[in-house]
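Taking it in order: structure first as structure tokens, then the write-up.
Please read these numbers as outputs of a predicted model, since none were measured by experiment. Quick note: residue numbers are just sequence positions, from 1.
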Amino acid sequence: IKVTGVDLVQKNISRSLEYAPDNAKFYTEDILVTQRRATTTISVGVLHHIPNYYIQDLMVRAINTAEKYTFIGVYHTQSRKHVLDYFAGMSSDTKRYRVFKKMTPWISNEEHRKSWYRDQLQHPYECTATVQDYQDVANRTGTQLVWISTESDKQLESDALNKINTYEFTSGFIYGLFKKGI
């Protein structure tokens, strides 16, 4: 298979090229304007950070870059609310980071942990999605939502609360696989 990657940030492309096999090519491009197409498009952890767009419109854009399949992972509305509310209740950024560190013991590289902390809790912008958003996007694009990580928003919300209560960090993601040609 051929792999094509696009990212708005040149540093990310340069880093990808360090590990790229011969069948992979990477380009510094904006997903909102790229004309590249692929059999399968994968977008995890990206769309919800694009400012000034409705999440459904961003998901539609990702689906339009695919010929057959699109896998999308974005922040889930209620799950993220609980995560952000939990950390917002802490008295300082130092305390938030200390708790985040305890909740992410699997991250051994401190630079990686700090980067992920900034992404998760000091983000300049994010939007979120619900199960209904995934269903609406499938209808808007004429695709089939062949798999979704949950059947209900309540289940994702409950999972996030359980993780927080057991001192385990969660990003609060929802994932879905769309198929064209239904």
Side-chain angles (χ1 to χ4, degrees), residues 1-21 23-32 34 36-51 53-81 83-84 100 104 106-107 109 112-113 115-138 141 143-151 153 155-157 159-160 163 168-180:
I1 65 169
K2 291 192 286 184
V3 175
T4 301
V6 298
D7 197 300
L8 190 59
V9 180
Q10 176 57 46
K11 181 179 177 183
N12 294 343
I13 296 300
S14 296
R15 183 77 169 166
S16 298
L17 290 169
E18 292 177 26
Y19 299 97
N23 64 330
K25 303 233 184 284
F26 295 90
Y27 304 91
T28 305
E29 291 183 1
D30 186 337
I31 189 165
L32 299 174
T34 188
R36 296 189 190 281
R37 298 292 174 265
T39 302
T40 302
T41 296
I42 301 171
S43 176
V44 176
V46 175
L47 299 177
H48 53 248
H49 289 299
I50 299 175
Y53 283 89
Y54 179 49
I55 192 64
Q56 285 190 17
D57 295 338
L58 295 168
M59 294 168 72
V60 167
R61 178 66 184 133
I63 290 169
N64 287 341
T65 67
E67 295 166 358
K68 188 150 185 145
Y69 295 102
T70 306
F71 183 82
I72 297 174
V74 296
Y75 289 144
H76 176 257
T77 302
Q78 283 304 108
S79 299
R80 280 303 282 174
K81 180 183 179 328
V83 170
L84 296 175
F100 181 81
T104 57
W106 65 89
I107 301 176
N109 180 295
H112 176 217
R113 186 188 327 271
S115 174
W116 201 40
Y117 174 78
R118 285 188 304 271
D119 174 66
Q120 292 297 305
L121 300 171
Q122 296 178 324
H123 48 82
Y125 175 83
E126 74 177 37
C127 55
T128 59
T130 64
V131 170
Q132 187 64 53
D133 287 317
Y134 275 74
Q135 294 166 343
D136 290 348
V137 166
T141 57
T143 57
Q144 179 184 4
L145 182 57
V146 295
W147 178 83
I148 190 163
S149 58
T150 187
E151 292 299 319
D153 292 318
Q155 183 60 50
L156 277 176
E157 180 179 4
D159 291 348
K163 286 184 177 185
E168 179 183 350
F169 186 78
T170 181
S171 292
F173 265 77
I174 183 172
Y175 301 93
L177 177 64
F178 299 86
K179 179 182 178 186
K180 287 189 174 178

Audit row: Lys179, Thr143, side-chain contact (heavy atoms from CB on, under 4.5 Å) steps and yes/no:
CA-CA 5 Å; Lys179 179 182 178 186; Thr143 57; 5.9 Å; no
Under 4.5 Å between any side-chain heavy atoms of [X] and [Y], yes or no?
X      : Y      : answer
Val44  : Phe173 : yes
Thr70  : Lys180 : no
Asp30  : Val6   : no
Ile72  : Phe178 : yes
Met59  : His48  : no
Leu145 : Gln135 : yes
Glu126 : Leu84  : yes
Tyr134 : Asp136 : no

[atom2] on [Y] to [atom1] on [X], rounded to 0.5 Å:
X      : Y      : atom1 : atom2 : result
Thr34  : Asn64  : OG1   : CG    : 12.5 Å
Arg36  : Tyr27  : CZ    : OH    : 4.5 Å
Leu121 : Phe169 : CG    : CZ    : 5.0 Å
Ile50  : Leu32  : CD1   : CG    : 4.5 Å
Gln120 : Tyr75  : CD    : OH    : 3.5 Å
Thr170 : His76  : OG1   : NE2   : 11.0 Å

So, does [X] use its side chain to make a donor-acceptor pair with the main chain of [Y] at under 3.5 Å?
X      : Y      : value
Asp159 : Leu156 : no
Ser79  : Ala160 : no
Lys25  : Lys2   : no
Asp153 : Val131 : yes
Arg113 : Thr104 : yes
Arg61  : Ile31  : yes
His123 : Arg118 : no
Thr77  : Ala129 : yes

When you look at [atom1] of [X], are more than 12 heavy atoms from neighbouring residues, nucleotides or ligands closer to it than 6.0 Å?
X     : atom1 : answer
Gln10 : CD    : yes
Arg15 : CZ    : no
Tyr53 : OH    : no

What's the shortest heavy-atom distance between [X] and [Y], and which atoms?
X      : Y      : answer
Cys127 : Tyr125 : CB-OH, 3.7 Å
Leu47  : Val74  : CB-CG1, 4.0 Å
Gly73  : Tyr175 : CA-CD2, 3.5 Å
Phe26  : Ala20  : CE1-CB, 3.5 Å
Thr28  : Val9   : CG2-C, 4.5 Å
Ile13  : Gly5   : CD1-O, 4.4 Å

Applying salt bridge (Lys or Arg N to Asp or Glu O under 4.0 Å), can you list everything that pairs with Asp57, at least two apart in sequence or on another chain?
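If we apply the salt bridge (Lys or Arg N to Asp or Glu O under 4.0 Å) test to Asp57, skipping adjacent residues, the hits are Arg140.
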Aromatic plane relationship, Phe71 with Trp147 - under 30° parallel, 30 to 60° tilted, over 60° perpendicular:
parallel
